[in-house]
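A quick write-up on the structure given underneath.
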2 protein chains.
Amino acid sequence: MGVAERKIREKEELKDQILKAAKRLFIERGFEKTSIRNIADEIEYSPGIIYHYFQDKNEIFYALHQEGFQELRKRMEILGAVEDPMSRLKAMGRIYIQYAFENADMYDLMFIIEAPIDFVVKRDDLCWIEGDSTFNLLRSTVNQCMQKGHFEGHHLEAISFLIWSTVHGMVSLKIRKRVNVLDVGEVDQIIENSYNSFLLILDRS
Amino acid sequence: MGVAERKIREKEELKDQILKAAKRLFIERGFEKTSIRNIADEIEYSPGIIYHYFQDKNEIFYALHQEGFQELRKRMEILGAVEDPMSRLKAMGRIYIQYAFENADMYDLMFIIEAPIDFVVKRDDLCWIEGDSTFNLLRSTVNQCMQKGHFEGHHLEAISFLIWSTVHGMVSLKIRKRVNVLDVGEVDQIIENSYNSFLLILDRS
DNA sequence: AATTTAATTGAACAGTGTTTAATTTTCCAA
DNA sequence: TTGGAAAATTAAACACTGTTCAATTAAATT
């Protein structure tokens, strides 16, 4: 019967409203300052209702962090057009950094803030599929690079993690404000220059 | 007169007690779960007293983050014994990573948690001396490497920041639990292997 | 001993995440 | 159309949070 289906749809709609409100508030105020009551106010419901759609605050931000990975994956899709694996790897890094620059809060949520990962750990999924699939994309590209003779003497896992760490390091130092307070030039410029250094190193590997 | 001096000493002693209690609680419960009331309980004073010694919670954790940098600097001191700048650079990375492994919470406070840096930004010091001096240590070492012919084609600032980013990236991904939930081997092992890959790259640069 | 100064407290304010009993609304069969 | 079961929603409470400030206590000085 159509009634049950409509109910489900309506339930999904409210769930969606909660997520949209949460995202709106999160982007403009950050994680700590986005409270359950704020979200409830935003959708004009009482705070309690949120707990009929989400286990806790962490689950809401786990869902939001998923949206972030969806967007990141979408941006990565164009990489299919790049044949040479080394060029693809380089482009991948650029996309990663650009995503982080344009969506600093979402990047924070995906790779720094503990809430979404605490949700993953709590239900003993023991696996973070969002991160895992993103890392696999990197790993398989690196693998293809190695088959073309790059990264000689390196191990696949190790060099892949190293590459991820490098771009994550640059981006997270910026996001957590450890660069702007440094007696060094313009933040975005130094990251740009550093990434170019990184590309140079890749070329020589 | 000795009275005024004693008073000052007593004031310093209580300030020290606060910091010691805060550190104790922070190490075993983390930043969010260390409240002003917890600290006050620990030293058996009322919560209000803390605000006669510190502007706010951020200042307490700024002071603690300073202690962290002191310890890190202390560990870096043995680097003076390493003549070859490239060997010194490599050892520096090891010390950095080891410090982060042995003092994960302190590293978190120094390079990820916003509280201490928010304190720096608030009073418009516009300069984060602790981070700045640590980065300068790295930069000058890299500079010496370049004078010995390494990192050809790179810019000092850029390659220095890149190196910092790399080790920070590895360490912070671990600390913020993005590695243990990944479908990859033992966390410490992959970081060890990645750092070895990093050393290999340095050798070839 | 009285007075000034400093140290310390307790209570209040406005907020937080979360739970639960009570209420309202919705649905469906008689 | 109505009565009762089921679902959705709320209001209130709990135990917290950082921070401020008037009132109190303790110490130092005259």
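For B:Leu25 and D:dC16, the CG to P distance is 15 Å, given to the nearest whole Å. Summarising the geometry, the separation between CG on A:Leu14 and C1' on C:dT26 is reported as 15 Å, rounded to the nearest angstrom. For the pair B:Ile18 CD1 and D:dT19 C1', the interatomic distance rounds to 15 Å; values are reported in whole Å. Taking atom CG of residue B:Asp41 and atom P of nucleotide D:dC16, one finds them 10 Å apart after rounding to whole Å. Atom CZ in B:Phe54 sits roughly 18 Å away from atom C1' in D:dT20 (whole-Å rounding). Here D:dA8 presents its P atom at 15 Å from CD1 of A:Ile43, a figure rounded to the nearest Å. Look at CD on B:Gln55: it is 16 Å from P on D:dG18, rounded to the nearest Å. Atom C1' of nucleotide C:dG17 and atom CZ of A:Phe119 are separated by 16 Å, given to the nearest angstrom.
Contact annotation: B:Asn38 reaches the phosphate of D:dT17 (side-chain N/O to OP1 or OP2, under 4.0 Å). Checking the phosphate oxygens (OP1, OP2) of D:dT9, a side-chain nitrogen or oxygen of A:Tyr53 falls inside 4.0 Å.
Here the two rings, on B:Phe31 and B:Phe26, have centers that are 6.0 Å apart or farther.
Judged by distance alone, with hydrogens and angles left aside, A:Arg37 brings no side-chain donor or acceptor close enough to the base of C:dG15 to form a pair under 3.5 Å.
Residue B:Asp56 places its side chain closer to D:dT19 than to any other of D:dT19, C:dT9, C:dT18. The side chain of A:Ile49 approaches D:dT10 more closely than any other nucleotide in the set C:dT9, C:dT18, D:dT10. Here the side chain of A:Ile36 is nearest to one of D:dT9, D:dG18, C:dG17, namely C:dG17. Among the nucleotides D:dT9, C:dT18, D:dG18, the one closest to the side chain of A:Lys57 is C:dT18. Checked against C:dT9, D:dT20, D:dT9, the side chain of B:Tyr51 finds its nearest nucleotide in D:dT20.
B:Glu28 CD: more than 12 foreign heavy atoms inside a 6.0 Å radius. In the displayed structure, A:Asp183 atom CG is contacted under 6.0 Å by at most 12 heavy atoms of other residues, nucleotides or ligands.
A donor-acceptor contact closer than 3.5 angstrom is absent between the side chains of A:Gln17 and A:Tyr53.
Taking 4.0 Å as the cut-off between side-chain N and carboxylate O, B:Glu59 and B:Arg123 do not count as a salt-bridged pair.
When each of A:Ser46 and B:Asn58 is assigned the nucleotide of DNA chain D bearing its nearest heavy atom, the one mapping closer to the 5' terminus is A:Ser46.
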